[in-house]
Structure formats: structure tokens, C-alpha cells
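Quick note on labels: first sequence line is chain A, next is B, and so on, each numbered from 1.
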There are 2 protein chains.
Amino acid sequence: MRSLDLFQTHEAAELELVQSLKRRDMRLAVGQALIQEGQVDAPLYTLQSGWAFRFKTLSDGRRQILNFLLAGDFIGVQQKMGDAAAHGVETLTDAVFCVFQRDSLWEIHRRSPSMGFNITWLTAHEESLVDDTLLSVGRRSAEERIAMLLILLFKRAAALQADAGAKGVPFPLTQQHVADALGLSLVHTNKTLRKLERRGLHHIGDGRLYMRDVKALARLADLYGDGRPPVRPLV
Amino acid sequence: MRSLDLFQTHEAAELELVQSLKRRDMRLAVGQALIQEGQVDAPLYTLQSGWAFRFKTLSDGRRQILNFLLAGDFIGVQQKMGDAAAHGVETLTDAVFCVFQRDSLWEIHRRSPSMGFNITWLTAHEESLVDDTLLSVGRRSAEERIAMLLILLFKRAAALQADAGAKGVPFPLTQQHVADALGLSLVHTNKTLRKLERRGLHHIGDGRLYMRDVKALARLADLYGDGRPPVRPLV
DNA sequence: CGAAATGTTGACTATATTCAAGGCAAGTGG
DNA sequence: CCACTTGCCTTGAATATAGTCAACATTTCG
């Protein structure tokens with residue numbers, strides 16, 4: 001995984017440090033909770049393979065997905081020691097996580113400023129993903145939101161595999177997940193998704209997403225730039 | 001400012017480091033841009049006094065406010081060196097900023113792991129504010145969103161002054177800002193605000209916000225906990 | 001004092017939600 | 001192997017929340 005173009009190469013000392021802090025691997029099946037909302041002293045994790053998502057819920061059950069987690073994402077920086085988790089994390093596929101003790105966060109900063117810096121960067125980067133979503137949910141129409149989501153997820157997933165163009169990328173979300181990520185109702189999500197698909201902009205089937213007209217989607221989403229995800233550190 | 005309960009006390013060495021990296025003070029009047037959307041290599045800032053906000057816009061002018069910045073907030077971690085700013089920052093009042101060179105971020109990590117750790121924490125904390133807003137915008141009704149915003153801003157502003165209960169707190173936002181922060185239209189924001197005010201939940205006047213019935217607002221917003229903002233580092 | 005920005009309100013419209021019903025595919029247990 | 005359940009997708013109809021348009025009041029500021 002470290003060999004992918006998406007990830008920086010790190011120095012031996014950095015890798016050793018991270019290895020030494022790693023507690024164990026953890027495997028979860030689809031639809032399992034990694035962190036419960038409100039859980040105290042949850043450990044830190046790196047997602048090694050599979051998909052997951054962070055979310056919050058209101059007391060009557062309304063749910064908002066905050067962002068999707070793919071291989072390489074670092075999980076749990078938000079809570080201070082002793083804090084309750086402000087959001088839950090749940091898997092979208094079978095997934096493998098790398099588990100760290102809560103105080104590893106401090107150990108990493110103390111023993112490797114460069115890795116500490118990387119963690120700051122990863123955190124800031126995740127925030128900017130949430131910023132993007134907030135712009136979508138606050139100011140884009142349903143069509144635009146969906147176009148945006150498809151493009152962003154496609155780009156992120158494509159960066160983790162070789163030939164996304166032909167084979168598409170994995171798409172383990174149900175329409176309910178899409179709805180909860182975009183602040184839409186399930187029904188409206190379905191109708192909008194179908195509309196875009198009928199227009200030939202994309203296709204979803206067999207758990208995979210195929211982009212049929214990225215340009216049109218990008219125009220819809222008012223999205224510029226090549227949008228290739230930036231090269232990033234991997235803890 | 002450092003003497004406020006809201007802020008941690010830092011060691012002399014840490015403060016010295018920060019002082020040595022500080023370039024200068026910068027004063028801006030109301031409604032001025034601190035960072036333009038798309039600006040490259042913007043410096044880092046700490047907001048010393050006054051209010052500001054981060055935002056993004058779509059090409060047709062629709063604007064989403066990502067969060068509000070109050071004294072003590074650290075600005076600009078999101079962009080990597082050489083990157084374009086993904087969001088703009090603009091003042092809501094006259095404001096004073098403390099300016100740092102872009103590479104201070106790395107210097108802080110290198111020379112003081114504990115301050116590096118603090119920056120990670122501040123970044124993660126800001127993300128969790130955006131998370132909260134995303135939940136509001138995605139899943140709360142207009143009334144609920146406004147209740148939420150009023151409570152959160154009140155608590156943050158109250159933590160920076162002595163007796164918020166009687167005097168209220170400064171409230172420099174126009175209704176357009178409220179609308180842009182919550183993903184609502186200006187007109188609907190106005191009507192909802194008036195409705196809550198007529199019900200006696202709050203009062204806004206002369207640029208100040210007075211809470212008349214925090215309990216009712218908290219119930220509306222489905223918000224638990226004492227919600228006192230956590231003690232935080234100050235860079 | 002006049003211009004510009006902000007706040008307020010009513011009427012109309014539209015986007016998105018809710019309700020309801022049915023289809024399809026996969027999994028389960030008899 | 002087949003009935004039955006369950007989860008997910010799909011669609012139409014009725015409804016509601018929020019947006020748009022328009023006009024006017026009020027405040028701020030040069």
C-alpha cells in the first residue's frame with residue numbers, strides 16, 4: 001500500500017516509530033461500528049483496507065454522514081484524551097484497521113516532529129473535505145450535490161487502484177448513505193440519481209461506480225481543477 | 001488574553017518560540033478580506049481580537065460560511081505550502097491578527113513537539129465545529145439550525161468575557177451571514193429569527209445577542225451537555 | 001441629506017419531503 | 001427446493017418547508 005503514488009515515502013525512523021506504537025490489527029465486517037457516538041477513550045486507527053464513514057445523529061435518529069474513509073485515512077484525532085467521541089464510525093465494507101493507543105498521538109509528536117507535522121496535515125486535509133461537503137449541503141441543489149459526491153469519491157477511490165477508467169471503482173454505499181451524506185431524503189436521492197444516470201452521466205451497478213461523462217458532472221458540480229487528490233502522508 | 005480561563009497556560013519556552021516566529025501584527029477593518037479564495041501561499045494567523053469567518057463560494061456567487069473565528073483561533077493550517085487557499089477569510093468586526101510565515105508551522109513542530117501537538121489539537125477542534133455545522137445544515141430544520149447557531153456562538157463569545165448573562169455578547173453578524181452559515185435564504189432566515197424572537201427565546205439588538213431562554217433553544221437544537229467550550233491552547 | 005446596506009413582510013413558487021405501494025435479489029428456515 | 005423475510009431500489013401522489021420576487025421600512029454612513 002505504501003508503494004502507491006498517492007502516498008509519500010517516509011524515512012525508516014518514522015516507519016519504525018509508527019510500527020512500534022501499533023498495537024494490533026483489527027478486522028470488521030460490513031456495517032459494524034468501529035467507534036460508537038459518545039464512546040470514551042476510543043483508540044486511534046488507520047484504515048488499511050475497505051471503506052468506512054464518520055457520522056453524527058440527532059436523538060430522533062436523523063443521521064448526517066460527515067465523510068467517507070478510505071485506505072490510508074487516520075481516525076480519531078478529534079477527541080482529546082478522556083473525551084467522548086463526538087461522532088461514530090462504521091464500516092461500509094469488510095475492513096482492516098491498524099490500532100494505536102490513544103496517547104500515541106502525543107508520542108508521535110514527541111518522538112518524530114515530522115510525523116507530528118504529517119498528522120496535523122492529515123487532520124487539516126480531512127477538515128477541508130468536510131468543508132467541501134458543507135458547501136455542497138448548504139448551497140448546492142440535489143443534482144449538484146450528487147454530481148459532486150460521485151466525482152470526489154471516484155477520484156479518491158481511483159487513486160487507490162490502477163485503471164479506474166474502464167473497470168470503475170468500488171461503490172459500497174447504499175442510497176441511504178448517499179442521502180445521509182448529502183442531507184437529502186432517501187426518495188429524492190433515488191430520483192436524482194436515476195435522473196443523472198438516465199442522462200448518461202454515470203452508472204452504478206454491482207457495487208461499482210462507472211463515470212460516463214465526468215465533464216458534465218464537473219460542470220454540474222461547479223468543480224474546477226484536475227482534482228487529483230494530493231500526495232499524502234501515511235501513518 | 002492568555003489569562004482567560006478559556007486558555008491553557010503554556011511554558012515559557014513555548015511562548016518564546018511562538019514570539020520568535022511572529023512576524024508582525026495586522027489590523028483590518030470590518031468587512032475586509034484576510035485571505036482571498038484561491039490565494040497562494042497565504043501566511044498563518046492567530047486572531048487576537050475581533051471576529052471573522054471562513055467561507056467558500058460557488059462560481060455563481062452562492063456562498064457558504066464554514067465557521068466563525070473568534071479571538072484565539074488559528075488560521076490557515078489547511079493549505080500546504082505552495083497551495084492555493086481553498087477558502088476565504090473575511091472580518092466581521094475590526095480585528096487584529098498575529099502574522100506568521102507559512103513555514104512556521106513546520107518550525108513549531110520541529111522545535112516544540114508540545115506546541116506541535118497543540119496545533120494538531122486546534123485543527124481537530126476546528127474540524128469538529130465544522131462537523132457540528134454540517135449536521136445542522138444537513139439534518140436540522142431552519143428553526144433548529146438557528147437555535148443551534150445562537151447557542152454555539154453565545155457560548156464561544158461568553159467564554160471570552162466576564163458576565164455574558166446580563167450584558168449579552170457581541171453579535172456582529174448580519175442576517176445574510178446567518179443565512180450563509182446555515183444554508184438558508186436571507187428571507188427565510190429573517191422570518192425564522194423573528195419567530196424565535198417573538199417566542200421569547202432570544203433577542204438581538206444593537207449588535208449584541210441576549211439569550212432569553214437557553215433551555216428552550218437547546219431543546220429545539222437537540223443539544224446536550226453543558227457545552228462549555230473546552231480549555232484550549234493558544235498559539 | 002441622500003445613498004446604500006440591512007431588516008421586515010406578504011404572495012407565489014419550487015424543490016425536496018413524506019407517504020404509500022410495489023419490485024427485485026439475497027438470505028433463511030422449514 | 002420453496003415459501004417467507006429482509007434490505008434495497010423505484011415510482012407516483014400529496015404535502016411542506018424553504019426559496020424567490022417584490023415592496024417597503026429602518027438604520028448606517030459618507
Margin query: Using five pairs at each end of the helix from C:dC1-D:dG30 to C:dG30-D:dC1 to define an axis, what is the angle between those two axes, to 10°?
Written below: 40°

Checklist line | For A:T133, side chain to side chain contact (heavy atoms under 4.5 Å, CB included) partners two or more places apart | finding: A:V137, B:L134

Notebook entry, point to check: Should we count CG of A:D206 as having more than 12 external heavy atoms under 6.0 Å?
Noted result: no

Next item on the list: Could you pull out all residues at least two apart from B:R27 that satisfy side chain to side chain contact (heavy atoms under 4.5 Å, CB included)?
Entry: B:V96

Note to self: Which residues in residues 172-182 of chain A have a heavy atom closer than 4.0 Å to any atom of DNA chain D?
What the structure shows: A:T174, A:Q175

Next item on the list: Using chain B heavy atoms and a threshold of under 4.0 Å, write down where along DNA chain D the contacts begin and end, 5' to 3'.
Entry: D:dA18 to D:dC21

Check: Considering only heavy atoms from C-beta outward, does the side chain of B:H202 approach that of B:V214 to under 4.5 Å?
Finding: no

Next item on the list: With side-chain contact (heavy atoms from CB on, under 4.5 Å) as the test, would you mind laying out the steps for A:H203 and A:R208 before giving the verdict?
Entry: CA-CA 8 Å; A:H203 172 70; A:R208 300 190 78 81; over 6 Å; no

Next item on the list: Mind checking side chain to side chain contact (heavy atoms under 4.5 Å, CB included) for B:L129 and listing every partner two or more places apart, or none if nothing turns up?
Entry: B:H125, B:R156

Considering only distance and modelled atom types, tabulate donor-acceptor pairs under 3.5 Å from the side chains of residues 157-168 of chain A, sequence neighbours left out.
from, atom 1, to, atom 2, distance (Å)
A:Q161, NE2, A:G168, O, 2.9

Item checked: Nearest atoms (heavy-atom pairs only) where A:R232 meets A:D73 -> NH2-OD1, 2.9 Å

Item checked: Pairs meeting criterion side chain to side chain donor-acceptor pair (under 3.5 Å) with involvement of residues 184-193 of chain B, two or more places apart -> B:Q175-B:N190

Check: With a non-hydrogen cut-off below 4.0 angstrom, is B:G205 in contact with a base, only sugar-phosphate, or nothing?
Finding: nothing

Check: Between B:R145 and B:R140, is there a donor-acceptor pair closer than 3.5 Å when you use the side chain of the first and the backbone of the second?
Finding: yes

Next item on the list: Could you list the residues that satisfy side chain to side chain contact (heavy atoms under 4.5 Å, CB included) with A:Q176, not counting sequence neighbours?
Entry: A:R63, A:T174, A:A179, A:D180, A:L186

Next item on the list: Show the numbers, then the answer: is there a side-chain contact (heavy atoms from CB on, under 4.5 Å) between B:D131 and B:L135?
Entry: CA-CA 6 Å; B:D131 286 352; B:L135 172 63; over 6 Å; no

Next item on the list: Report which part of the nucleic acid B:L184 touches: base, sugar-phosphate, or nothing (heavy-atom distance under 4.0 Å, all strands).
Entry: sugar-phosphate

Notebook entry, point to check: Tell me, which of residues 187-204 of chain A have any heavy atom that sits under 4.0 Å from an atom in DNA chain D?
Noted result: A:V187, A:N190, A:K191, A:R194

Under 3.5 Å, which donor-acceptor pairs link side chains of residues 43-50 of chain A to any protein atom two or more places apart or in another chain?
from, atom 1, to, atom 2, distance (Å)
A:T46, OG1, A:V235, O, 3.2

Checklist line | Within residues 138-150 of chain B: residues closer than 4.0 Å to DNA chain D (heavy atoms) | finding: B:S141, B:A142

Margin query: Run the side-chain contact (heavy atoms from CB on, under 4.5 Å) test on B:I75 and B:L69 for me, step by step, so that the C-alpha distance in whole Å, both residues' side-chain angles and the decisive distance to 0.1 Å come before the verdict.
Written below: CA-CA 9 Å; B:I75 302 168; B:L69 303 169; 3.8 Å; yes

Checklist line | A:D60 atom CG: more than 12 heavy-atom contacts under 6.0 Å | finding: yes

